[in-house]
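Worksheet: the structure to be examined is printed underneath.
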Amino acid sequence: MADSELQLVARRIRSFPDFPIPGVLFRDMSPLLKDPDSFRASISLLASHLKKTHDGKIDYIAGLDSRGFLFGPSLAQELGVGCVLIRKRGKLPGPTLSASYTLEYGKAELEIQRDALEPGQRVVVVDDLLATGGTMQAACELLGQLQAKVLECVSLMELTSLKGRERLGTVPFFSLLQYE
């Protein structure tokens, strides 16, 4: 990773203690999105990792609802591939497949359109943050239902103390920034 680019990204993440509930230190990426150079650097770093790791063998980026949508299309554009959406329940038209997962404070469901991918297509899942891993695990399950091949999951940030990458099993995971 280009250290100066990574520093540019890291400087644009701010912390808010006790949000959304007491005891949580929220990592806010809003300043990153406001700064075109920092956002461009985050996409460039993720794309560089994926190019090096998968050597042009990616068919699609799957962006996760909702902040993964901010990174998915830009990353797909940078890689010259398409982008598919994995949404929260009830947000996609047409026939869908679903997978439920647990959050730190409840339960939720993700969906993907049944015709989003063909069997065997190679996909990278992207989101802004990996915390407990439930959302990414459910996304991988959905992609598996479509018989797509999940090459890797990537995110801007990772909360390592929550051990979310362990829930991904054998699926490789990469993040630009790691926090306790």
Side-chain angles (χ1 to χ4, degrees), residues 19-21 23-24 26-29 33 42-43 46-47 49-50 53-54 57-79 81-179:
F19 183 83
I21 58 173
V24 172
F26 186 83
R27 304 294 178 167
D28 180 28
M29 66 171 190
L33 298 173
S42 70
I43 296 300
L46 289 170
H49 164 76
L50 292 171
T53 307
H54 301 290
K57 294 183 172 86
I58 299 168
D59 297 313
Y60 289 95
I61 298 295
L64 300 187
D65 198 343
S66 68
R67 290 181 299 253
F69 294 172
L70 300 171
F71 293 90
S74 295
L75 186 55
Q77 186 71 34
E78 182 74 18
L79 295 170
V81 301
C83 184
V84 297
L85 303 179
I86 296 178
R87 305 264 350 236
K88 292 177 182 144
R89 185 173 180 232
K91 301 290 185 183
L92 289 171
T96 60
L97 297 172
S98 66
S100 60
Y101 62 102
T102 55
L103 298 163
E104 300 85 73
Y105 42 82
K107 245 186 138 173
E109 254 184 283
L110 290 178
E111 292 183 329
I112 191 168
Q113 291 172 317
R114 286 184 182 268
D115 62 356
L117 298 164
E118 297 293 324
Q121 289 185 311
R122 299 161 301 194
V123 182
V124 171
V125 178
V126 64
D127 204 359
D128 68 319
L129 173 73
L130 178 72
T132 64
T135 308
M136 277 200 184
Q137 181 185 32
C140 291
E141 180 185 319
L142 275 177
L143 295 167
Q145 288 180 45
L146 290 175
Q147 299 176 5
K149 180 174 182 188
V150 180
L151 299 176
E152 186 170 3
C153 294
V154 299
S155 70
L156 175 69
M157 301 175 284
E158 175 185 10
L159 303 179
T160 57
S161 62
L162 298 178
K163 301 182 185 331
R165 69 171 57 211
E166 291 177 10
R167 292 187 66 180
L168 301 178
T170 60
V171 176
F173 176 76
F174 174 80
S175 61
L176 290 181
L177 302 170
Q178 299 79 37
Y179 302 99

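For the single chain, residues carry numbers from 1 onward in sequence order.
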**Asked** Roughly how far, to the nearest 0.5 Å, is the OG1 atom of Thr135 from the CG atom of Leu130?
**Response** 9.0 Å

**Pairs touching residues 140-164 that satisfy salt bridge (charged side-chain N to carboxylate O under 4.0 Å, His left out), sequence neighbours left out** = Glu158-Arg165

**Full working for side-chain hydrogen bond (donor to acceptor under 3.5 Å, both in side chains) between Glu109 and Ser98** = CA-CA 7 Å; Glu109 254 184 283; Ser98 66; 3.1 Å; yes

**Asked** Between Ser74 and Gln77, does any side-chain donor sit less than 3.5 Å from a side-chain acceptor?
**Response** no

**Prompt:** Do Ile112 and Leu146 touch side chain to side chain, with heavy atoms closer than 4.5 Å?
**Reply:** yes

**Prompt:** Is there side-chain contact between Ser155 and Phe71, with heavy atoms separated by less than 4.5 Å?
**Reply:** no

**Prompt:** Are the side chain of Asp65 and the backbone of Arg87 linked by a donor-acceptor contact shorter than 3.5 Å?
**Reply:** no

**Item:** Main-chain N/O of Gly90 paired with Glu111 side-chain donor or acceptor, under 3.5 Å
**Value:** yes

**Complete:** Quick note, salt bridge (charged side-chain N to carboxylate O under 4.0 Å, His left out) partners involving residues 127-136, not counting sequence neighbours, are Arg67-Asp128

**Item:** Side chains of Leu168 and Met136 in contact at under 4.5 Å (non-hydrogen atoms)
**Value:** yes

**Asked** Should Val154 and Phe174 count as side-chain neighbours, where that means a heavy-atom distance under 4.5 Å?
**Response** yes

**Asked** Got a donor-acceptor contact below 3.5 angstrom from the Gln147 side chain to the Gly144 backbone?
**Response** no

**Donor-acceptor contact present, side-chain Thr160 to main-chain Tyr179, <3.5 Å** = yes

**Asked** Quick one: side-chain contact (heavy atoms from CB on, under 4.5 Å) partners of Ala139, sequence neighbours excluded?
**Response** Leu64, Ile86, Leu110, Val125

**Asked** Less than 4.5 Å apart, any side-chain heavy atom of Leu156 and any of Leu129?
**Response** no

